[in-house]
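Data first, discussion second: the structure below is written as C-alpha cells.
Position 1 is the first residue of the sequence, and the numbers go up from there.
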Amino acid sequence: MAGVDEVEVVVAHSERATLRVGDVFLKVDADRTRIDVEVEAMAMAPVPTPRVLWREPPVLALAAVPGMALGRLGEPSPASPRAWAAAGAAVRALHDAPLPPWPGFRLDDLVSRLDGECDWLVRNGVLPAGLVRRNREVAEAALRPWKPVFVHGDLQITHVFVDGDRVTGVIDWSEAARGDAMFDLAVLTLGHEERLGDVVAGYGAGVDLDVIRGWWSWRSLVAARWLVEHGFDPDSPGCEFDVLRARM
C-alpha cells in the first residue's frame with residue numbers, strides 16, 4: 001500500500017466500517033463472530049470472492065475484486081441482462097453447495113422481528129398504518145418453512161461485481177448462513193424488479209415469485225429503523241419505502 005495518497009471510507013456506522021486504501025479493503029468490525037463467518041464462508045463458497053490478505057481482529061484486509069457492482073439501490077443498473085443472468089447462475093451455484101456448519105435465523109425469530117418493526121413504524125408515524133399492514137400481509141408468503149441452502153444473507157447489488165457479462169466477485173459474507181434460497185434472490189433484486197426475469201433465467205428452476213415479493217416487503221419493513229438510526233434514507237427514490245409502496 002506504499003504510495004497511497006488517500007483513504008476512502010466505503011461505509012461507516014456504529015457497528016462496523018469499511019475503508020479502501022489503494023487496492024485493499026480494510027473491514028473493521030467489533031463483532032469477531034462476523035469476521036469469522038466471513039472468512040469461513042468465502043473459503044467455502046463456489047463463486048469468486050475477495051482474497052484474504054491478512055487478518056488481525058478486529059481488522060480484516062481483503063484484495064479488491066475486478067469489475068464493477070451490478071448497480072446501486074435507487075439508481076438504474078448499468079449492467080447488461082446477461083450480467084444479471086450470470087449473477088443468477090452464481091447464486092444457484094451457491095445454493096447448490098454444501099451447507100455451512102453454522103445455523104441461520106429461525107422462522108419464529110423472523111416473524112417476531114417483523115412484528116416488532118411494523119409496530120415501531122406505525123407507533124412512530126414513520127409510515128402509514130395501511131401501508132405497513134398491506135406489506136405485512138405480503139410478507140406472509142415468505143414466512144413459511146423452507147429447505148435450507150447456503151445463502152449469502154445480504155446479497156444486495158452492491159455486493160455482486162461483474163466485468164462485462166461475467167461475475168468477478170461477491171463480497172461481504174458476514175451474514176452467510178443456512179437460509180431460504182428465495183431470500184437471496186429477493187435481496188439481489190430489491191428495488192430492481194425489472195431485472196428479476198434476467199436473474200431467474202440464470203438461476204433456473206425452483207423460483208417462487210410470491211415468496212420473493214414477500215421477502216421484498218419483509219426486508220424493507222425490518223430494515224427501515226436500522227437505516228434511519230444509522231443515517232441512511234429509506235425514503236430516497238427507488239429505495240425501501242418505494243418498494244413498500246409498490247405493493248399497494
Side-chain angles (χ1 to χ4, degrees), residues 10-11 18 25 37-38 41-51 62-100 104 142 146-220 223 238-240 242-243 246:
V10 179
V11 63
T18 300
F25 285 88
V37 166
E38 180 149 14
M42 288 192 296
M44 295 177 59
V47 298
T49 62
R51 180 165 57 94
L62 301 169
V65 298
M68 65 175 186
L70 273 178
R72 293 184 178 277
L73 189 62
E75 300 176 7
S77 169
S80 69
R82 288 186 178 181
W84 280 86
V91 178
R92 186 54 178 254
L94 177 65
H95 293 170
D96 287 344
L99 292 169
W146 57 75
K147 179 182 177 181
V149 299
F150 186 174
V151 297
H152 179 279
D154 189 22
L155 199 63
Q156 50 188 294
I157 55 175
T158 53
H159 293 165
V160 180
F161 281 69
V162 295
D163 184 1
D165 299 335
R166 179 175 60 93
V167 173
T168 55
V170 180
I171 67 172
D172 285 357
W173 290 82
S174 61
E175 304 298 326
R178 304 180 184 194
D180 180 22
M182 298 302 103
F183 180 75
D184 269 352
L185 296 179
V187 176
L188 179 62
T189 55
L190 184 77
H192 288 272
E193 187 170 353
E194 77 283 358
R195 300 291 194 161
L196 180 58
D198 299 324
V199 171
V200 171
Y203 186 84
V207 173
D208 189 322
L209 299 181
D210 287 336
V211 172
I212 289 175
R213 296 184 185 102
W215 282 127
W216 283 340
S217 289
W218 186 93
R219 172 85 171 193
S220 299
C239 293
E240 285 80 3
D242 275 354
V243 172

### Message
Side chains of D180 and P148, heavy atoms from C-beta outward: is any pair under 4.5 Å?
### Response
no

### Query
Do you know the tightest heavy-atom contact between A86 and D165?
CB-O, 3.3 Å

### Summary
Shortest non-hydrogen pair, V65 vs I171, comes out as CG2-CG2, 4.2 Å

### Query
Rounded to the nearest 0.5 Å, how far apart are OG1 of T168 and CZ of F161?
7.5 Å

### Task
Mind running side-chain contact (heavy atoms from CB on, under 4.5 Å) on V47 and V167 for me, showing each step along the way?
CA-CA 8 Å; V47 298; V167 173; 5.9 Å; no

### Query
Is a side-chain donor or acceptor of D184 paired with a backbone partner of H152 at a separation under 3.5 angstrom?
yes

### Task
I would like to know whether Q156 and L73 meet side-chain contact (heavy atoms from CB on, under 4.5 Å); could you show each step before the answer?
CA-CA 8 Å; Q156 50 188 294; L73 189 62; over 6 Å; no

### Message
When you measure from the side chain of T189 to the backbone of H192, do you find a donor-acceptor pair of N or O atoms at a distance under 3.5 Å?
### Response
no

### Task
Go through V151 and F183 one step at a time and tell me if the side-chain contact (heavy atoms from CB on, under 4.5 Å) criterion holds.
CA-CA 8 Å; V151 297; F183 180 75; 5.7 Å; no

### Task
For atom CZ of R82, decide whether the heavy atoms of other residues, nucleotides or ligands shown that lie under 6.0 angstrom number more than 12.
no

### Task
Compare every heavy atom of F150 with every heavy atom of A176, then report the nearest pair and how far apart it is.
CB-CE2, 4.1 Å

### Query
Side chains of W146 and V211: closer than 4.5 Å at any heavy-atom pair?
no

### Task
Determine the minimum heavy-atom distance between W84 and I157, stating which atoms define it.
CH2-CG2, 3.4 Å

### Message
Once rounded to the nearest 0.5 Å, what's the spacing between atom CZ of R195 and atom OG of S80?
### Response
7.5 Å

### Task
Could you walk me through whether E38 and D172 pass side-chain contact (heavy atoms from CB on, under 4.5 Å), step by step?
CA-CA 7 Å; E38 180 149 14; D172 285 357; 4.2 Å; yes

### Task
Would you indicate whether the side-chain heavy atoms of V91 and V199 approach each other to under 4.5 Å?
no

### Message
Tell me if a side-chain donor or acceptor on R72 pairs with a main-chain N or O of T158 at a distance below 3.5 Å.
### Response
no

### Message
Donor-acceptor pair, distance only, cut-off 3.5 Å: does the side chain of T18 make one with the backbone of V11?
### Response
no

### Query
Is it true that a side-chain atom of H159 and a backbone atom of D154 form a donor plus acceptor pair closer than 3.5 Å?
yes

### Message
Quick one, L196 and W216 - any side-chain contact, counting heavy atoms below 4.5 Å?
### Response
yes

### Query
Would you say the side-chain atoms of R92 pair up with the backbone N or O of A205, donor to acceptor, closer than 3.5 Å?
yes

### Query
Minimum heavy-atom separation for A63 to P50, with atom names?
O-CB, 3.6 Å

### Query
For the atom pair CE (M44) and CG (L99), what is the distance rounded to the nearest 0.5 Å?
8.0 Å

### Message
Rounded to the nearest 0.5 Å, what separates atom CG in L190 from atom CG in L155?
### Response
11.5 Å

#### Entry: Where A45 and W173 come nearest, the two heavy atoms and their spacing
CB-CH2, 3.6 Å

